[in-house]
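In this chain, numbering begins with 1 at the start of the sequence shown.
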Amino acid sequence: MSDKSSSHESMTLAGANRRLPLVRKIAADIVALSHDLADREDRLKILRRRGRKQSTGSFHSDELDSIEEIVQRDQKTLEHYVAELSEVGGELRDASLGIVEFRGDWPEHDGPVFFGWLHPNDEITYWRPERSKLTDRRSVFEDSVAGREEFGDADSPESNGNTDG
C-alpha cells in the first residue's frame, strides 16, 4: 500500500502530521489563489455593473471577457489543488484561511474524528468529532476547546456551507 491516503481512510494524529510538508505547499497555493480569485470576482462584479451602462464591443467588454477566462482557469487550478489534497487524505474546509482536515481516530474520543490544521502552522492543532461543526474543535495539546480565535469563528466555513458532517 502506498503512503497516499484516500479521503475516506482514517489515520492517526502522527500520520496526519507526517503529511503536512506536502499539504503546507498545496495549502499555500490554495490560499494565494483563493485571494486572487476573490479579487478578480470583485473586479468582475464592478465591470458587469459598468457594462450595463455601456454599449457592447467596448474595451470594457474585452476586459470583462479576459477576466472571466482567467477566473475560469483559476477555478480549475483550485479544483486541481483540492484534488491533490484529497490524494494525501486532506479535506479543504476553507480556502481563504487554509483550513485542512484529515479523517482520523483519536483515543480520547469513541468514534471517527477530524484532525485540523491551519495554514501555515507547523502541526495539527485540533481535533473534532466527525459529526460535529468545525467550531466544535478541541485542542490536541490539552483537553479543552482552546484556540477557537485562531480560526475566526465569527466567519466560520460552516456559514458558507463548507462543513462535513
Side-chain angles (χ1 to χ4, degrees), residues 2-48 64-106 112-141 146-165:
S2 75
D3 190 36
K4 289 187 178 181
S5 170
S6 79
S7 61
H8 301 295
E9 292 180 29
S10 101
M11 63 183 77
T12 64
L13 176 61
N17 272 315
R18 278 193 299 274
R19 288 167 169 76
L20 288 184
L22 178 56
V23 168
R24 196 175 290 113
K25 291 176 185 175
I26 297 168
D29 290 339
I30 287 172
V31 169
L33 185 56
S34 77
H35 289 227
D36 289 347
L37 268 168
D39 290 344
R40 286 189 190 105
E41 288 169 348
D42 288 345
R43 178 77 176 138
L44 274 175
K45 287 177 189 174
I46 292 167
L47 289 172
R48 286 182 180 131
L64 183 65
D65 291 344
S66 175
I67 293 174
E68 285 175 342
E69 287 175 20
I70 292 168
V71 165
Q72 288 175 357
R73 182 198 68 213
D74 286 351
Q75 286 171 336
K76 287 180 183 178
T77 301
L78 188 59
E79 289 170 11
H80 173 76
Y81 291 151
V82 171
E84 285 181 342
L85 271 181
S86 182
E87 288 177 18
V88 294
E91 299 180 31
L92 183 66
R93 295 293 182 242
D94 187 297
S96 66
L97 294 175
I99 299 175
V100 177
E101 291 189 322
F102 301 87
R103 192 174 307 271
D105 295 308
W106 186 245
V113 300
F114 283 108
F115 296 115
W117 174 78
L118 175 66
H119 171 75
N121 289 348
D122 291 330
E123 59 190 327
I124 302 290
T125 56
Y126 75 88
W127 70 276
R128 67 178 177 91
E130 181 182 49
R131 298 208 180 273
S132 67
K133 295 178 181 178
L134 189 60
T135 55
D136 293 334
R137 65 194 162 274
R138 299 171 187 150
S139 172
V140 298
F141 305 109
R148 286 182 182 257
E149 302 79 28
E150 178 179 26
F151 289 87
D153 284 341
D155 204 14
S156 65
E158 53 268 15
S159 66
N160 298 324
N162 292 340
T163 62
D164 189 307

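- Contact annotation: the side chain of Tyr126 approaches that of Leu134 to within less than 4.5 Å [non-hydrogen atoms, C-beta and beyond].
- Checked against side-chain hydrogen bond (donor to acceptor under 3.5 Å, both in side chains), Ser96 has the following partners two or more places apart in sequence or in another chain: Asp94.
- Checked by atom type and distance alone, the side chain of Thr77 pairs as donor or acceptor with a backbone atom of Arg73 at under 3.5 Å.
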Please report the C-alpha distance between Arg93 and Phe114 in whole Å, then the side-chain angles of each, then the deciding distance to 0.1 Å, and finally whether the side-chain contact (heavy atoms from CB on, under 4.5 Å) criterion is met. CA-CA 11 Å; Arg93 295 293 182 242; Phe114 283 108; 3.3 Å; yes
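- Here the straight-line distance linking atom CD of Glu101 with atom CD of Glu130 works out to 10.0 Å at 0.5 Å rounding.
- Minimum heavy-atom separation, Val88 to Met11: O-CE, 4.3 Å.
- Between Arg24 and Asp122, the closest heavy-atom pair is NH2-O, 3.1 Å.
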side-chain contact (heavy atoms from CB on, under 4.5 Å), that's the test. Do His80 and Glu84 meet it? Break it down for me. CA-CA 6 Å; His80 173 76; Glu84 285 181 342; 3.0 Å; yes
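- Residues Arg128 and Asp136 approach most closely at CB-O, 4.0 Å, considering heavy atoms.
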Decide side-chain contact (heavy atoms from CB on, under 4.5 Å) for Val100 and His119; before the verdict, give the C-alpha distance in whole Å, the side-chain angles of both, and the deciding distance to 0.1 Å. CA-CA 8 Å; Val100 177; His119 171 75; over 6 Å; no
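- Atom CZ of Phe141 is separated from atom CD of Glu123 by 4.0 Å, given to the nearest 0.5 angstrom.
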What do the steps show when you test Trp117 against Leu20 for side-chain contact (heavy atoms from CB on, under 4.5 Å), and what is the final call? CA-CA 9 Å; Trp117 174 78; Leu20 288 184; 3.7 Å; yes
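- Here CG of Asp74 is found 7.0 Å from CG of Asp36. Values are rounded to the nearest 0.5 Å.
- Closest heavy-atom contact between Asn17 and Ile124: OD1-N, 2.7 Å.
- The two residues Ala95 and Ser34 make their nearest non-hydrogen contact at O-OG, 3.3 Å.
- Pro129 is listed as a side-chain neighbour of Arg138, based on a closest heavy-atom distance under 4.5 Å.
- Of all heavy-atom pairs between Ala16 and Phe115, the closest is CB-CD1, 4.4 Å.
- From Glu87, atom CD reaches atom CG of Leu22 across 9.0 Å, with rounding to the nearest 0.5 Å.
- With sequence neighbours excluded, the residues forming a side-chain hydrogen bond (donor to acceptor under 3.5 Å, both in side chains) with Asp105 are Ser10, listed by chain and number.
- Separation of atoms CD1 (Ile67) and CG (Asp39) is listed at 11.0 Å; rounding is to 0.5 Å.
- Partner Gln75 forms a side-chain contact (heavy atoms from CB on, under 4.5 Å) with one of Leu37, Ile70, Leu33 and no other, that one being Leu37.
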